[in-house]
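So you know, we letter chains A, B, ... as the sequences are listed, proteins then strands, and number each from 1. As the structure is a prediction and not an experimental result, all values here were calculated from the model.
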Amino acid sequence: MEEKEKNGGIRRALKTALGILILLAAWQMAAGSGIWSAYVLPPPGKVARALAGMVESGVLLRHITVSSRRVLAGFSISFVLAMAGGILASQVSRAEEYYGGFLEFMRNVPPISLIALLILWFGIGETSKIIIIVLASFFPMYLNIRKGFLSASKMLLEVGDVFRLTGWQKFLRIVLPSAVPDILVGMRIGLGYSWRAIIGAEMIAAASGLGYLILDAQQMSRSDKVIAGILTIGAVGILCDKIFSLLIGKVAWERGAGDNK
Amino acid sequence: MIISGLKKSYLVSGHRLYVLKGLDLELADQGITVVLGRSGCGKTTLLRLIAGLEPADAGKVSGFEPADAGKTNDLETAGSARSTGSQEALPSHEARGKETVRKEKIGVIFQEPRLMPWLSVERNILFGVKKKERNKEKLSYLLRLTGLTGFEKARPFQLSGGMQQRVALARALAYEPDFLLMDEPFAALDYFTRAQMQQELLRIYQTEKKGILFVTHSIEEALTVGTQIVVLEDGICKKSYDLREAPFPRDLLSEEMAELKRKLIWQIEEQKGRN
């Protein structure tokens, strides 16, 4: 059984690798065909050299660190706000009627459209960049976390009533643990959105970071560096996502829903 | 425990549906009172009112106060329940602000196990026990009593339906209730598991000697476990049978039991004819 699963894992990894290899080969062939100039479509080798150069000089690591710090700050603030909003929506009846409309409005406003105002209000420092990330990652997290808090089983809550738990005890011992899977899913999606917002955030007068790297390379017409930056963001994003999916898988297994890893 | 004049109705799509119409019932402090009746006769409603999961429209349950007595019941209910309560409240329960102090602990076993899926068997069993009062001896006693020794670290999903229901039983007993309410607890189990659980319930009853209210629609089950059988019909107690003299385990094929079974079937069938 275990052997079989292990083989399945290896086979899946091989298939993924094969897909990427085919893509790389197509890219190489397209770049080598001479239809497009090396500026429009730099060959993989050139991108790899640019990437290697940045890794060697430590520039890439610095960009990753700076961007990660921003993503982490924005994501954490979003998470705290989303938890607070979710708890309020589930524990205080009708609270959401007051702020739901405003949230619904903000959800439909693209964060990048607020850049001008954010610069006016908060300057060009870290604050504005982090706010962009918060705006991008709050809503998917809030909606999932809210759903988690609101969908606690009535049957289990009655068990709490039978044991005469107070409202607060019921929240801590029944509602919160019931919501954990949805909270984790919300965090996973929110983290993805945070990474995707990094370009928008670093459009605001940044001097470092992966978003800056891409925008700066664009100015310098270094399309190989642009692609290298994109690859890095994608890779870091996948890494973060993997960590969360492992966590979610563990929680799901403990609750007897372990098949959907 | 004395139940008198208990009324409850629900509003179902604009129509008021009267479920309990002034029900009177006396429950022994020790003994298994089985409430028998057809689906929809108000068995579960009765149990939920006693457990305090829902407020009654009128009437009283004395011996303890229902959960919502202070908040939602009418004055008569709350007042009378307070005056008839003979036991003193425990000091630890006093500091709960405006909430009514209930005097008796009621354990409930639902039709479904209702275990917390994120907790191990042992944590589920101790769910209703205060942190300070948790101890190893009590846990291992309950595990032995319910035949769950060795499964304390298992998760609910790893257990069969019968075992999950046994965890629910252990959880209710760990709470050390003065009275136990059981709402068709074995209805979802297969015939053999059900028969086994009934025997286990009797064994546990004989060691713990609690007052139990057992709701079921199965006449055989009522005859197997009841020390008193109450037929519920049309929102009131239609008939009550005293079975204290019949020793456990019972032979349902004996003349006496067969006769009683015939009577019960006749009673419930007659009900159907009239509806």
Side-chain angles (χ1 to χ4, degrees), chain A residues 1-2 83 86-87 90-93 144-145 147-188 244 246-261, chain B residues 44 47-48 50-54 64-68 90 92-93 95-120 123-124 126-131 153-159 164 167-168 171-172 174-177 179-181 183:
Chain A
M1 189 68 190
E2 234 167 68
M83 283 295 274
I87 292 170
S90 69
Q91 297 308 107
V92 183
S93 57
N144 270 287
I145 289 174
K147 176 180 148 243
F149 281 130
L150 285 173
S151 57
S153 149
K154 286 225 164 51
M155 288 188 170
L156 295 185
L157 285 170
E158 275 184 1
V159 173
D161 288 333
V162 166
F163 291 124
R164 294 178 201 168
L165 302 186
T166 60
W168 178 239
Q169 286 173 321
K170 270 193 279 181
F171 174 76
L172 280 182
R173 301 184 55 195
I174 301 172
V175 178
L176 189 63
S178 308
V180 165
D182 282 315
I183 293 174
L184 283 175
V185 169
M187 287 174 84
R188 181 183 182 180
F244 265 98
L246 281 177
L247 264 174
I248 292 169
K250 188 171 180 291
V251 168
W253 180 83
E254 284 180 343
R255 290 165 192 231
D259 300 332
N260 45 358
K261 265 190 187 168
Chain B
T44 297
L47 184 134
R48 292 176 64 83
I50 298 174
L53 292 172
E54 282 172 49
F64 68 97
E65 291 183 39
D68 289 322
L90 295 167
S92 61
H93 287 181
R96 295 188 64 187
K98 281 165 72 184
E99 210 171 310
T100 333
V101 179
R102 279 172 288 169
K103 294 179 178 70
E104 288 189 18
K105 289 164 99 180
I106 305 286
V108 180
I109 294 156
F110 297 95
Q111 195 168 338
E112 322 78 23
R114 301 201 186 183
L115 305 177
M116 307 296 153
W118 55 88
L119 295 178
S120 63
R123 298 290 296 274
N124 262 300
L126 297 173
F127 187 80
V129 184
K130 292 199 179 65
K131 284 249 157 60
K153 299 289 178 212
R155 297 275 168 175
F157 80 93
Q158 294 170 310
L159 305 178
Q164 290 186 19
V167 176
R171 176 175 68 182
Y175 183 54
E176 295 180 348
F179 207 90
L180 208 52
L181 305 177
D183 184 9

Considering only heavy atoms from C-beta outward, does the side chain of B:R171 approach that of A:V159 to under 4.5 Å?
-> yes
Would a distance-only check, ignoring hydrogens and angles, find a side-chain to backbone donor-acceptor pair under 3.5 Å from B:R155 to A:W253?
-> no
Gap between atom CG of B:L53 and atom CG of A:L157 - 0.5 Å precision | 11.0 Å
A:D182 meets the salt bridge (charged side-chain N to carboxylate O under 4.0 Å, His left out) criterion, sequence neighbours left out, with A:K147
How many angstroms lie between CE in B:M116 and CZ in A:R255, if you round to the nearest 0.5 Å?
-> 11.5 Å
Heavy atoms of A:V162 and B:F110 approach each other most closely as CG2-CZ, 3.9 Å
For A:R173 and B:W118, which heavy atoms make the closest approach, and how far apart are they?
-> O-CZ2, 3.4 Å
For side-chain contact (heavy atoms from CB on, under 4.5 Å), just list the numbers for A:L165 and B:F127, CA-CA rounded to whole Å, side-chain angles, deciding distance to a tenth of an Å, and then say yes or no.
-> CA-CA 10 Å; A:L165 302 186; B:F127 187 80; 4.0 Å; yes
Tell me, side chain or backbone of B:L181 under 4.5 Å from chain A's heavy atoms, or both, or neither?
-> neither
Heavy-atom proximity to chain B below 4.5 Å, by part of A:S153 = neither
Residues at least two apart in sequence or cross-chain that pass salt bridge (charged side-chain N to carboxylate O under 4.0 Å, His left out) with A:K154, listed by chain then number, are none
For residues B:R114 and A:M155, report the shortest heavy-atom separation together with the two atoms involved.
-> NH1-O, 3.2 Å
